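No experiment lies behind these values; they were computed from the predicted model shown. Every chain is numbered from 1 and lettered A, B, ... according to where its sequence line falls, protein lines coming before strand lines.
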Amino acid sequence: MSERWRTIVTTVENKPGVLARVASLFSRRGYNIHSLAVAPASDERFSRITFTVDVEGTPLDQVVKQLNKLINVVEIHELDPDQSVERELMLVTVRSDGRRRELMEIVEEFQAFVLNEGEECVMLSWSARPVRLDELEQRLRPFGIVELQRTGRVALPSLDR
Amino acid sequence: MSSNPTNGGEALVRSLEMQGVDVMFGLPGGAILPVYDSIIESSIRHVLVRHEQGAGHMAEGYAHATGRPGVAMVTSGPAATNIVTPLCDAYLDSVPMVCITGQVPLAAIGTDAFQECDTTGITMAVTKHNFLVTDAQDIPRIIHEAFHIATTGRPGPVLVDIPKDIVDPANPRSKMSWYEPTDADMELPGYAPLTAGDPALIGEAAKLIASAERPVLYVGGGVLKARAAEALLELAELLQIPVVTTLMARGAFPDRHELCLGMPGMHGNYTAVTAMQQADLLVSLGARFDDRVTGKLDGFAPDAKIIHVDIDPAELGKVRQYNVGIQGDCRLVIEELITATRALGADAQAERTQWRSMVSGWQEKFPLVYQDSAPGDRLKPQFVIEQLRDNNPADTILASGVGQHQMYASQYWKFDHPYTWINSGGLGTMGFSIPAAIGAKAGMPDRRVWAVDGDGCFQMTAQELVTATVENIPIKVALLNNSYLGMVRQWQEMFYDERFSEVHLSDTCPDYVKWAEAMGCEAIRVESPEEVAPAIAKANEINDRSVVIEFRTDARENVFPMVPSGKTNSEILVDPSQQGLLS
Ligand SMILES: Cc1ncc(C[n+]2csc(CCOP(=O)(O)OP(=O)(O)O)c2C)c(N)n1
Ligand SMILES: [Mg+2]
């Protein structure tokens, strides 16, 4: 994983406006969010916000401390890329006209899923480490990407052995 | 109010009473009407302002002077937007304040209803926290939380936005059953400010101080917020280390003390600026390395190691990397530092005679100076401040506006007591002084309160003198009228080749004496030096109404010393008469 992006996982109170507070803080202090994923945590009173920030020009320590000052932020961790598992989901519609077999070889190689097939296009889904998604995206590009949506990464700390 | 509240409006007022609120500042309107009905029966004194900005600054002035949270209450929409400036002001200066705003009924939120505005959205970035209450039953708890957040950790403004239906007894949504909220009821899982410093770090800091040959105690507003002035005096005397007090900390250490170097920064005195610049250690106590103090950052105190103490961990290392960073309440940390220093023994302290003589050498060579006015010329503003200082007791509370007059006041007054200086440091809000002085006087009715104001500032908030008259909160105003937006004029003279653009107000309009009289004040115009002291004496004899003295001051006067914006503190400009002494 490139050093430029760091993953921060926060537990916040699951209340209206909390995401706006986080977003407002980032814009006010000039921090750059690369990706953001939000969903309720297992305990419904809380939500998890996972985001990656650009650490070039944004001191990570300040991001963490300023976020921590938000009253609704309950917990905050920076995840060490070497000691965490990261995943991201991608949905992508690719042109397949005339090169279907070639495309299916790539699908197989990456073990992606075909979700939907049209006359000229195929819709794929794949979940993997973000860098691997980048690789698949690169390989699909020559076919012609019609639409692509990534979720932003989510992460959990690796388990002790 | 005697019987227990049964609706949200009564519950709100009762909740404020339970927080010990004795005075609040506000102005009613549609969305907040039901609450205003409930305060008729309340023990809380409500001060009716003339503009909501005034309510906010009064709450701030009250908080600065008393140490208790200031409370303001206004209606929705334009009233809420009118109070955004004081909220931002309180946020930047860490002033504890609770602001109640009315809101349109819950069902109308989001429909662009009459006088609806997204108050919590607008104020998110200028409050420590804000709440939108959606259930009358939550009111006692949320008010308790609001005061808790405003006054603990790093203090700051908290806003509580309350839709009309949940405080309106005519609406079933306002029904609630009363309870007395306690800390245990608070639902703040993400808020637990630390106050005690890490003992290991305090030990390290004590050693670092002991080994320093050229240390300076760099004292910021956090020392006042932590009520740590006494502890600071003890620490400074124990260590015999010179002290600078920032614009927010004037009075935290007595100006008349031999260790006090006064104010550092852009308009700080030469010795305070230079001592920091030459130091080998800065012990920052509740200060935040503001750009007005550091000048150009990469040339700031180049040889200094840094001990940084602050209750807000995000301040540690935000601007300048530290050698020892201690998160904690300034009073507790200073007390522990005293203990740790004593444990090291007097012999542990490095030799500092040379440092002290360097510092006193600068003090002798570069005192604050100005030239007396020539006969027939307008008054020198510095002279006016000196006369005010010498003709008022040391515990007089001084509230200032923003501009040259603010800098003269901070430079030339002698602050010997904490909580006697009230100003807008972080936001630099013109118009702050008159409402802030009224708020201070409302909280400290037995103290003499002077506002030092500029003519530009006066024209922004003078209408609150009507409030002072009608509510019988008499203050005194020293209006330094130079007919200019003086501070901006100074920058244009010095940095824009004297190309003056939109800084001249008017030499004749308004007539401040008539205006002040129309607002119920005693008014005096002073034009010559001999009239200054008698006018102040006369003002001090009048205690049944406010007094405005208009001092006609010299527009050509500039504030020195000055570190020009973008320059390092080593490039300080002293008074032109001293400039030749700089080597
Ligand atoms: C609300 C606001 N608007 C503009 C400014 C910019 N500003 C800073 S000082 C100043 C001039 C203040 O004039 P006056 O009150 O007459 O004080 P003086 O400098 O003349 O003593 C101005 C316009 C400000 N600080 N606040
Ligand atoms: Mg002026």
Side-chain angles (χ1 to χ4, degrees), chain A residues 6 8-33 36-51 53-79, chain B residues 88 91-92 94 106 109-110 118-135 138 142 145-146 148-150 152-161 163 186-194 288-289 308 310-322 325 327:
Chain A
R6 286 303 186 82
I8 296 177
V9 177
T10 59
T11 304
V12 303
E13 290 182 75
N14 186 2
K15 286 184 176 167
V18 174
L19 186 60
R21 287 176 203 278
V22 172
S24 155
L25 182 120
F26 272 76
S27 87
R28 175 161 64 95
R29 300 230 176 234
Y31 305 151
N32 193 358
I33 305 183
L36 177 88
V38 198
S42 58
D43 181 340
E44 286 272 316
R45 289 173 303 160
F46 303 107
S47 287
R48 277 252 191 173
I49 306 182
T50 307
F51 41 86
V53 291
D54 184 351
V55 287
E56 256 172 41
T58 304
L60 194 67
D61 181 54
Q62 268 295 304
V63 177
V64 171
K65 285 169 161 177
Q66 294 293 352
L67 276 169
N68 230 338
K69 280 169 71 169
L70 294 179
I71 306 291
N72 299 121
V73 170
V74 179
E75 237 180 49
I76 181 157
H77 300 288
E78 187 208 334
L79 285 186
Chain B
C88 190
Y91 185 61
L92 280 176
S94 307
L106 275 168
I109 289 179
D118 176 10
T119 303
T120 50
I122 287 174
T123 59
M124 203 171 268
V126 298
T127 52
K128 184 173 173 185
H129 192 57
N130 61 24
F131 296 89
L132 172 64
V133 188
T134 54
D135 186 342
D138 292 342
I142 287 179
E145 291 173 351
H148 179 70
I149 293 169
T152 55
R154 180 180 184 163
V158 177
L159 179 136
V160 185
D161 198 27
M186 292 195 296
E187 295 172 11
L188 301 171
Y191 184 68
L194 270 184
R288 59 183 177 89
F289 295 84
H308 196 166
D310 206 289
I311 194 142
D312 178 358
E315 286 304 334
L316 307 180
K318 184 182 84 176
V319 173
R320 170 82 178 243
Q321 199 44 52
Y322 53 81
Q327 181 194 351

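No salt bridge links B/D310 with B/R288; every basic N to acidic carboxylate O contact stays at or beyond 4.0 Å. We find that A/R6 and A/E78 are joined by a salt bridge, their nearest charged nitrogen and carboxylate oxygen being less than 4.0 Å apart.
Taking 4.5 Å as the heavy-atom cut-off, the residues of residues 23-33 of chain A that approach chain B are A/S24, A/R28, A/R29, ordered by number.
In this structure, a donor-acceptor pair under 3.5 Å is present between the side chains of A/R21 and B/N130. A donor-acceptor pair shorter than 3.5 Å cannot be found between the side chains of A/K69 and B/Y191.
Looking only at distances, a side-chain donor or acceptor of A/T10 sits under 3.5 Å from a matching main-chain atom of A/I49.
Annotation: side-chain hydrogen bond (donor to acceptor under 3.5 Å, both in side chains) contacts of A/D61 (sequence neighbours excluded): A/K65.
Interface residue B/L316: backbone and side-chain heavy atoms are both found under 4.5 Å from chain A.
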